[in-house]
Amino acid sequence: MKKWITALLFLAAACIAGPGKQAKGQLLWPGPPKRVPIRVRLVAVALADHPRSSFFSSHEVFVAETEIAHEEWSLIKLVFTFLPYQERLSESGFDYSVVHQVSAWRDEHCDQTVEELTERSQPNRHEPLIYSRNVPRADLDGRPIPLPCYETNADNYIKSTVEPVATPAKPHGPILRPDPR
(Lines give C-alpha, C1' and ligand atoms only; values in the text may rest on other atoms or scores of the structure.)
Protein backbone atom coordinates (compact mmCIF):
# COMPACT_ATOMS: atom_id res chain seq x y z
CA MET A 1 0.00 0.00 0.00
CA LYS A 2 2.89 2.31 0.77
CA LYS A 3 4.26 1.87 -2.78
CA TRP A 4 0.86 2.74 -4.30
CA ILE A 5 0.58 5.95 -2.30
CA THR A 6 4.15 6.91 -3.20
CA ALA A 7 3.49 6.25 -6.93
CA LEU A 8 0.22 8.22 -6.79
CA LEU A 9 1.90 11.19 -5.10
CA PHE A 10 4.73 11.06 -7.65
CA LEU A 11 2.24 11.12 -10.57
CA ALA A 12 0.27 13.99 -9.01
CA ALA A 13 3.46 16.01 -8.52
CA ALA A 14 4.58 15.30 -12.09
CA CYS A 15 1.21 16.46 -13.46
CA ILE A 16 1.10 19.62 -11.36
CA ALA A 17 4.75 20.63 -11.79
CA GLY A 18 4.98 19.50 -15.45
CA PRO A 19 6.34 21.63 -18.27
CA GLY A 20 3.03 23.48 -18.72
CA LYS A 21 2.81 22.80 -22.47
CA GLN A 22 0.02 20.71 -23.86
CA ALA A 23 0.93 17.93 -26.23
CA LYS A 24 -0.25 18.49 -29.77
CA GLY A 25 -1.43 15.32 -31.42
CA GLN A 26 -0.77 14.65 -35.07
CA LEU A 27 -3.77 15.84 -37.02
CA LEU A 28 -4.68 13.59 -39.92
CA TRP A 29 -6.70 16.28 -41.69
CA PRO A 30 -6.03 19.97 -42.17
CA GLY A 31 -8.04 22.60 -40.36
CA PRO A 32 -10.65 24.69 -42.12
CA PRO A 33 -9.24 26.68 -45.05
CA LYS A 34 -8.14 30.21 -44.28
CA ARG A 35 -10.57 32.59 -45.93
CA VAL A 36 -9.53 36.02 -47.09
CA PRO A 37 -11.73 38.75 -48.55
CA ILE A 38 -10.95 39.38 -52.21
CA ARG A 39 -12.36 41.69 -54.87
CA VAL A 40 -12.95 40.11 -58.27
CA ARG A 41 -14.14 41.12 -61.73
CA LEU A 42 -15.67 38.27 -63.74
CA VAL A 43 -13.94 37.94 -67.10
CA ALA A 44 -15.44 34.70 -68.46
CA VAL A 45 -17.33 31.55 -67.53
CA ALA A 46 -15.37 28.37 -68.22
CA LEU A 47 -17.83 25.83 -66.80
CA ALA A 48 -21.32 25.98 -65.30
CA ASP A 49 -23.62 23.18 -64.17
CA HIS A 50 -26.59 23.15 -66.55
CA PRO A 51 -29.17 22.35 -65.36
CA ARG A 52 -28.58 23.01 -61.71
CA SER A 53 -29.20 20.19 -59.25
CA SER A 54 -32.42 20.07 -57.24
CA PHE A 55 -30.82 18.37 -54.25
CA PHE A 56 -27.05 18.86 -54.31
CA SER A 57 -24.72 21.81 -54.65
CA SER A 58 -23.79 23.09 -58.10
CA HIS A 59 -20.80 25.13 -59.16
CA GLU A 60 -19.56 27.62 -61.72
CA VAL A 61 -15.94 28.05 -62.76
CA PHE A 62 -14.82 31.52 -63.80
CA VAL A 63 -11.75 33.20 -65.16
CA ALA A 64 -11.69 36.33 -63.03
CA GLU A 65 -9.40 39.18 -62.16
CA THR A 66 -8.54 39.92 -58.55
CA GLU A 67 -7.25 43.22 -57.30
CA ILE A 68 -3.63 42.87 -56.12
CA ALA A 69 -3.00 46.59 -55.69
CA HIS A 70 -4.90 49.80 -56.36
CA GLU A 71 -6.04 49.64 -60.00
CA GLU A 72 -3.82 46.57 -60.61
CA TRP A 73 -5.51 43.26 -61.41
CA SER A 74 -4.31 39.67 -61.88
CA LEU A 75 -6.08 36.70 -63.52
CA ILE A 76 -7.30 33.82 -61.31
CA LYS A 77 -9.59 30.80 -61.54
CA LEU A 78 -12.64 31.21 -59.28
CA VAL A 79 -14.82 28.23 -58.32
CA PHE A 80 -18.22 29.35 -56.97
CA THR A 81 -20.41 26.72 -55.27
CA PHE A 82 -24.10 27.30 -54.55
CA LEU A 83 -27.15 25.37 -53.36
CA PRO A 84 -30.41 25.01 -55.35
CA TYR A 85 -32.12 27.88 -53.52
CA GLN A 86 -29.16 30.27 -53.86
CA GLU A 87 -28.38 32.60 -56.75
CA ARG A 88 -25.61 31.87 -59.21
CA LEU A 89 -22.73 34.34 -59.27
CA SER A 90 -23.28 34.83 -63.01
CA GLU A 91 -26.89 35.87 -62.28
CA SER A 92 -25.85 38.54 -59.78
CA GLY A 93 -23.90 40.63 -62.27
CA PHE A 94 -22.06 39.09 -65.21
CA ASP A 95 -20.54 42.38 -66.27
CA TYR A 96 -16.86 43.32 -66.11
CA SER A 97 -17.69 46.68 -64.52
CA VAL A 98 -19.22 44.91 -61.47
CA VAL A 99 -16.71 44.19 -58.70
CA HIS A 100 -17.73 41.30 -56.43
CA GLN A 101 -16.41 41.02 -52.90
CA VAL A 102 -16.20 37.45 -51.63
CA SER A 103 -14.46 35.59 -48.85
CA ALA A 104 -12.42 32.89 -50.60
CA TRP A 105 -9.67 30.40 -49.88
CA ARG A 106 -6.70 29.40 -52.00
CA ASP A 107 -6.66 25.82 -53.33
CA GLU A 108 -3.32 25.01 -54.93
CA HIS A 109 -4.56 21.61 -56.12
CA CYS A 110 -7.00 23.05 -58.67
CA ASP A 111 -4.67 25.49 -60.51
CA GLN A 112 -5.21 25.15 -64.29
CA THR A 113 -4.35 26.89 -67.53
CA VAL A 114 -7.13 28.35 -69.68
CA GLU A 115 -6.69 25.46 -72.11
CA GLU A 116 -7.20 22.91 -69.32
CA LEU A 117 -10.29 24.83 -68.13
CA THR A 118 -11.94 24.55 -71.53
CA GLU A 119 -11.11 20.85 -72.12
CA ARG A 120 -13.99 18.43 -72.05
CA SER A 121 -14.13 14.64 -71.71
CA GLN A 122 -14.11 13.96 -75.45
CA PRO A 123 -10.69 13.99 -77.13
CA ASN A 124 -9.64 17.24 -78.81
CA ARG A 125 -12.82 19.01 -77.73
CA HIS A 126 -12.72 22.44 -76.17
CA GLU A 127 -15.68 24.57 -75.12
CA PRO A 128 -15.06 28.28 -75.68
CA LEU A 129 -15.07 30.71 -72.80
CA ILE A 130 -18.20 32.84 -72.46
CA TYR A 131 -16.99 36.39 -71.87
CA SER A 132 -18.83 38.88 -69.70
CA ARG A 133 -20.02 42.25 -70.96
CA ASN A 134 -17.52 45.11 -71.24
CA VAL A 135 -14.39 42.94 -70.98
CA PRO A 136 -11.50 45.01 -72.34
CA ARG A 137 -9.77 41.89 -73.71
CA ALA A 138 -10.89 38.56 -75.07
CA ASP A 139 -7.56 36.90 -75.81
CA LEU A 140 -7.20 34.40 -72.98
CA ASP A 141 -7.16 31.21 -75.04
CA GLY A 142 -3.40 31.09 -75.60
CA ARG A 143 -2.22 31.70 -72.01
CA PRO A 144 0.16 28.88 -70.99
CA ILE A 145 0.51 30.05 -67.36
CA PRO A 146 -1.64 28.21 -64.75
CA LEU A 147 -4.20 30.42 -63.06
CA PRO A 148 -4.15 30.36 -59.25
CA CYS A 149 -7.38 28.78 -58.00
CA TYR A 150 -9.63 30.30 -55.35
CA GLU A 151 -12.82 28.70 -54.05
CA THR A 152 -15.86 30.31 -52.47
CA ASN A 153 -19.57 29.68 -52.08
CA ALA A 154 -22.79 31.64 -51.93
CA ASP A 155 -22.61 31.86 -48.13
CA ASN A 156 -19.27 33.70 -48.39
CA TYR A 157 -20.52 36.30 -50.88
CA ILE A 158 -20.16 39.76 -49.34
CA LYS A 159 -21.39 42.36 -51.85
CA SER A 160 -20.99 43.78 -55.32
CA THR A 161 -20.38 47.31 -56.51
CA VAL A 162 -20.39 48.88 -59.94
CA GLU A 163 -16.98 50.34 -60.72
CA PRO A 164 -16.71 51.30 -64.40
CA VAL A 165 -13.44 50.50 -66.08
CA ALA A 166 -11.30 53.55 -66.71
CA THR A 167 -10.70 54.24 -70.37
CA PRO A 168 -7.08 54.77 -71.40
CA ALA A 169 -6.03 58.39 -71.09
CA LYS A 170 -5.46 60.37 -74.23
CA PRO A 171 -1.81 61.32 -74.80
CA HIS A 172 -0.87 64.83 -73.77
CA GLY A 173 0.99 67.07 -76.17
CA PRO A 174 1.31 66.94 -79.92
CA ILE A 175 0.53 63.79 -81.88
CA LEU A 176 3.09 62.78 -84.47
CA ARG A 177 1.61 62.51 -87.92
CA PRO A 178 3.25 61.05 -91.03
CA ASP A 179 4.92 63.50 -93.34
CA PRO A 180 2.50 64.28 -96.24
CA ARG A 181 5.30 64.42 -98.84
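In this chain, residues are counted from 1 in sequence order. Small disclaimer: the values here were computed from a predicted structure and weren't measured. Just the heavy atoms: all of them, side chains too, but no hydrogens, waters or symmetry mates, feed the values below.
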Looking at [Y], is its backbone amide N or carbonyl O close enough to the side chain of [X] to form a donor-acceptor pair, meaning the two atoms are under 3.5 Å apart?
| X | Y | result |
| --- | --- | --- |
| S57 | F82 | no |
| K77 | V61 | no |
| E60 | R88 | no |

Does V98 sit in a hydrophobic cluster with other residues, and if so which ones, taking ILVMFWY side chains as linked at heavy-atom separations under 4.5 Å, directly or through other members? V162
Answer whether the closest heavy-atom distance between the side chains of [X] and [Y] falls below 4.5 Å.
| X | Y | result |
| --- | --- | --- |
| V43 | L75 | yes |
| S160 | Q101 | no |
| F62 | F80 | yes |
| V63 | L117 | yes |
| F55 | P84 | no |
| W73 | R41 | yes |
| T161 | V99 | yes |
| T113 | L147 | no |

Let me confirm one number: the [atom1]-[atom2] distance from [X] to [Y], rounded to the nearest 0.5 Å.
| X | Y | atom1 | atom2 | answer |
| --- | --- | --- | --- | --- |
| Q112 | T118 | CD | OG1 | 9.5 Å |
| D107 | T152 | CG | OG1 | 12.5 Å |
| I130 | L42 | CD1 | CG | 12.5 Å |
| I68 | I38 | CD1 | CD1 | 12.5 Å |
| W105 | C149 | CH2 | SG | 10.0 Å |

Step-by-step salt bridge (Lys or Arg N to Asp or Glu O under 4.0 Å) determination, R106 to D111: CA-CA 10 Å; R106 176 82 166 91; D111 292 357; 2.8 Å; yes
Assess whether ring pair (Phe, Tyr, Trp, His ring centres under 6.0 Å) is satisfied between H100 and Y157, documenting all intermediate values. CA-CA 8 Å; H100 300 276; Y157 187 84; 5.8 Å; yes
Looking only at side chains, do Q86 and N153 share a donor and an acceptor under 3.5 Å apart?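 Result is no, nothing qualifies.
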Set out, in order, the CA-CA distance, both residues' side-chain angles and the distance that settles side-chain contact (heavy atoms from CB on, under 4.5 Å) for L78 and L89, then state yes or no. CA-CA 11 Å; L78 181 68; L89 185 57; 4.0 Å; yes
Do E67 and R39 pass the salt bridge (Lys or Arg N to Asp or Glu O under 4.0 Å) test, and can you show the C-alpha distance, the side-chain angles, and the key distance before you say yes or no? CA-CA 6 Å; E67 189 173 37; R39 294 167 35 93; 2.5 Å; yes
Identify, with sequence neighbours excluded, every residue that meets ring pair (Phe, Tyr, Trp, His ring centres under 6.0 Å) alongside F94. none
Could you please spell out the steps behind the side-chain contact (heavy atoms from CB on, under 4.5 Å) verdict for N134 and S97? CA-CA 7 Å; N134 301 323; S97 62; 4.2 Å; yes
Indicate if Y131 and L47 have the same hydrophobic cluster label, given that clusters are the connected sets of ILVMFWY residues with side-chain heavy-atom separations under 4.5 angstrom.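 Yes.
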